[in-house]
Amino acid sequence: MLKNFSLEGKIALITGASYGIGFAIAQAYAQAGATIVFNDIKQEFVDKGIEAYKAEGIDAHGYVCDVTDEDAVNELVKKVEEEVGVIDILVNNAGIIKRIPMHEMTAAEFRQVIDVDLNAPFIVSKAVIPSMIKKGHGKIINICSMMSELGRETVSAYAAAKGGLKMLTKNIASEYGEFNIQCNGIGPGYIATPQTAPLRETQADGSRHPFDSFIIAKTPAARWGEPEDLAGPAIFLASDASDFVNGHVLYVDGGILAYIGKQPK
Ligand code: NAP
Ligand code: GCO
C-alpha cells in the first residue's frame with residue numbers, strides 16, 4: 001500500500017517555489033522520489049532557490065517565468081519537456097495578496113491579484129494538460145486558501161481569486177477526469193511564511209500582533225501552521241493513492257473551518 005504514496009519516476013512542476021509553501025511541497029516531493037522543477041519571476045530568486053534545494057540535497061531544475069505571461073508559460077513547459085521530461089504533477093502555488101480595504105483598492109490592483117492567483121493557474125494548467133492526456137495520467141494541485149471559503153476585511157481580490165480557484169479546481173476535475181487527470185486543491189490555514197509575516201510582527205511594546213493572537217484563538221491547534229504541515233497532504237494528492245479523489249479541496253488548517261473560536265476569558 002505504501003508504494004502508492006511514492007512519487008518515484010514522476011516529474012513535478014511547483015510554481016513560485018523558491019521558498020515558502022512551494023519550497024516545502026517541493027522538498028516533500030523530492031523525498032517521495034519526484035524530480036523537482038520550479039520557476040520564479042527573477043533569475044536571482046531562481047538561483048537562490050537552486051542553492052536552497054541543493055542545501056537539502058535536491059537537484060532541482062529552476063526556470064525564470066512569470067506565470068501570468070501565457071507565452072512565457074508555454075515556452076517554460078516546452079523547455080521542461082525537452083530538458084527534463086513530461087510534467088506528471090503540477091502544483092499551482094505561485095500567489096500574491098494585497099491587503100487593502102476594497103473601497104480604497106484600484107481596479108488595477110484587484111486585477112493584478114486575480115491575474116496571479118486565478119488566471120495563472122488556468123494558464124499553467126492549460127499548458128500541461130495536453131501532454132498529461134497523451135501520457136494517460138496527470139495530477140494538478142491548486143493551492144487554495146481559507147479565503148476560498150471565508151471573507152475578511154482588506155482581502156477582497158484575494159478571496160475572489162481563491163474562491164474562483166476552488167471552482168476552477170472542480171471544473172478541471174470534471175472536464176479531465178476521463179483522461180485519468182485528477183485536479184484537487186489544498187486549502188492551507190494560516191501558515192508562517194513571508195506572505196503572512198506582516199500579520200505576525202511583534203508590536204513596538206513587545207506584544208503579539210493582534211491578528212497573530214486572533215488566529216491562535218481561531219485555530220483549535222492554537223498555533224500557526226508551518227509549510228511542512230502541508231507535506232503529507234500534498235504527497236497524498238500527487239500520488240497514485242489519490243487516483244479516485246477528484247475535485248476536492250483538502251483544508252490543512254489545524255481545524256479553523258470547524259471552530260467558532262476560543263471564547264475570551
Ligand atoms: P510567498 O511566501 O509570498 O511566496 C509566493 C511565491 O510565489 C514566491 O516565490 C513568489 O516569487 C511567487 N510568485 C508570485 N508571483 C509570481 C508570478 N507572477 N510568477 C511566478 N512566481 C510568482 O507565499 P506563500 O505563503 O508561500 O504562499 C504560496 C501559496 O500559498 C500562495 O498561492 C498563497 O496564496 C497560498 N496560501 C498561503 C497561505 C499562508 O498562510 N501563507 C495560506 C493559504 C494559501 P517572488 O518571490 O519572485 O515574488
Ligand atoms: C490574510 C492571510 C490569508 C492567508 C491564507 C489563509 O491576510 O488573511 O494572508 O489570506 O494567506 O490565504 O488561508
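One-based numbering, in listed order, for ligands and for the atoms of each. Both backbone and side-chain heavy atoms feed into the values below; hydrogens, waters and symmetry mates do not.
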Taking 4.0 Å as the limit for heavy-atom contacts, which would you say applies to Ile97 with ligand 2: side chain only, backbone only, both, or neither? side chain

Quick look: Gln195 vs ligand 2, heavy-atom contacts under 4.0 Å, and the answer is side chain

Which option, Asn142, Thr15, Val116, Ile21, owns the non-hydrogen atom nearest atom 15 (N) of ligand 1? Val116

So is Gly16 polar-close to ligand 1, meaning N/O to N/O under 3.5 Å? yes

Can you tell me how the ring of Tyr176 sits relative to the ring of Phe179, calling it parallel under 30°, perpendicular over 60° and tilted otherwise? tilted

Counting heavy atoms under 4.0 Å, the part of Cys144 that contacts ligand 1 is backbone

How far is atom 10 (O) of ligand 2 from its nearest protein heavy atom, and which residue and atom name does that atom have? Tyr158 CE2, 3.2 Å

Do Asn180 and Gln182 meet the criterion of a side-chain donor-acceptor pair at a distance under 3.5 Å? yes

Between Ser125 and Leu90, is a side chain to side chain contact (heavy atoms under 4.5 Å, CB included) present by the stated rule, with each step listed? CA-CA 7 Å; Ser125 302; Leu90 166 65; 3.8 Å; yes

Taking distance alone, with no angle check, do Tyr158 and ligand 1 share an N/O pair under 3.5 Å? yes

For atom 28 (C) of ligand 1, find the nearest protein heavy atom and state the residue, atom name and distance (0.1 Å precision). Asn93 OD1, 3.2 Å

Below the 3.5 angstrom mark, is there an N/O of Asp66, backbone or side chain, next to an N/O of ligand 1? yes

Should the proximity of Leu199 to ligand 2, defined as any heavy atom under 4.0 Å, be assigned to the side chain, the backbone, both, or neither? side chain

In terms of the angle between their ring planes, are Trp224 and Tyr190 parallel, tilted or perpendicular, with boundaries placed at 30° and 60°? perpendicular

Using a 4.0 Å cutoff against the non-hydrogen atoms of Asn39, which atoms of ligand 1 qualify? 20 (C)

Give a yes or no on whether a salt bridge exists between Lys218 and Asp253, defined as a side-chain N under 4.0 angstrom from a carboxylate O. no

Inspect the contact between Glu44 and Lys48 and indicate whether a charged nitrogen and a carboxylate oxygen are less than 4.0 angstrom apart. yes

Please confirm whether the ring centroid of Phe38 lies under 6.0 Å from the ring centroid of Phe23. no

Please say whether Gly189 places an N or O atom under 3.5 Å from an N or O atom belonging to ligand 2. yes

Should the pair Asp240-Lys139 be classified as a salt bridge under the 4.0 Å nitrogen-to-oxygen rule? no

Geometry only, no angles: is Val67 polar-contacting ligand 1 at N/O separations under 3.5 Å? yes

Which is it for Pro227 and ligand 1 at heavy atoms under 4.0 Å: side chain, backbone, both or neither? neither

Could you tell me whether the side chain of Asn184 and the main chain of Gly247 form a donor-acceptor pair under 3.5 Å? yes

Side-chain donor-acceptor pair under 3.5 Å between Tyr63 and Glu83, yes or no? yes

If you take the nearest heavy atom of each of Asp40, Ile25, Ile41, which one is closest to atom 47 (O) of ligand 1? Asp40

Reported OG1-to-CD1 distance for the pair Thr219 and Ile256, which is rounded to 0.5 angstrom: 3.5 Å

Exercise: do Thr15 and Asn92 side chains pair donor with acceptor under 3.5 Å: no

For the 3.5 Å polar cut-off, considering only N or O atoms, please tell me whether Lys162 and ligand 1 meet it. yes

For atom 2 (C) of ligand 2, what's the nearest protein heavy-atom neighbour? Residue, atom name and distance, please. Tyr190 CE2, 3.4 Å

Atom 7 (O) of ligand 2 [closest protein heavy-atom partner, distance rounded to 0.1 Å]: Arg99 NE, 2.6 Å

Using a strict cut-off of 4.0 Å, indicate which atoms of ligand 2 neighbour a heavy atom of Met146. 6 (C), 13 (O)

Are the charged groups of Glu82 and Lys79 less than 4.0 angstrom apart, N to O? no

Atom 5 (C) of ligand 2 - nearest protein heavy atom and its distance: Ser145 OG, 3.6 Å

Return yes or no for this condition: an N or O of Tyr19 is under 3.5 Å from an N or O of ligand 1. yes

What I want to know is whether Asp117 and ligand 1 share at least one N or O pair that is separated by under 3.5 angstrom. no

Taking atom CZ of Arg152 as the centre, does the number of heavy atoms from other residues, nucleotides or ligands within less than 6.0 Å exceed 12? yes

State whether Asp47 and Lys42 are salt-bridged, where the test is any N-O pair (Lys NZ or Arg NE/NH1/NH2 against Asp/Glu carboxylate O) under 4.0 Å. no

Under 3.5 Å between any N/O of Ala17 and any N/O of ligand 1: does that happen in this structure? no

I need the contact type for Tyr190 against ligand 1. Using non-hydrogen atoms and a strict under-4.0 Å cut-off, is it side chain, backbone, both or neither? backbone

Please verify whether a non-hydrogen atom of Gly189 lies at under 4.0 Å from ligand 1. yes

Salt bridge flag under 4.0 Å for residues Glu149 and Lys162: no

Would one find an N or O of Met147, backbone or side chain, under 3.5 Å from an N or O of ligand 2? no

Looking at Thr196, which atoms of ligand 1 are within less than 4.0 Å of one of its heavy atoms? 39 (C), 40 (O), 41 (N)

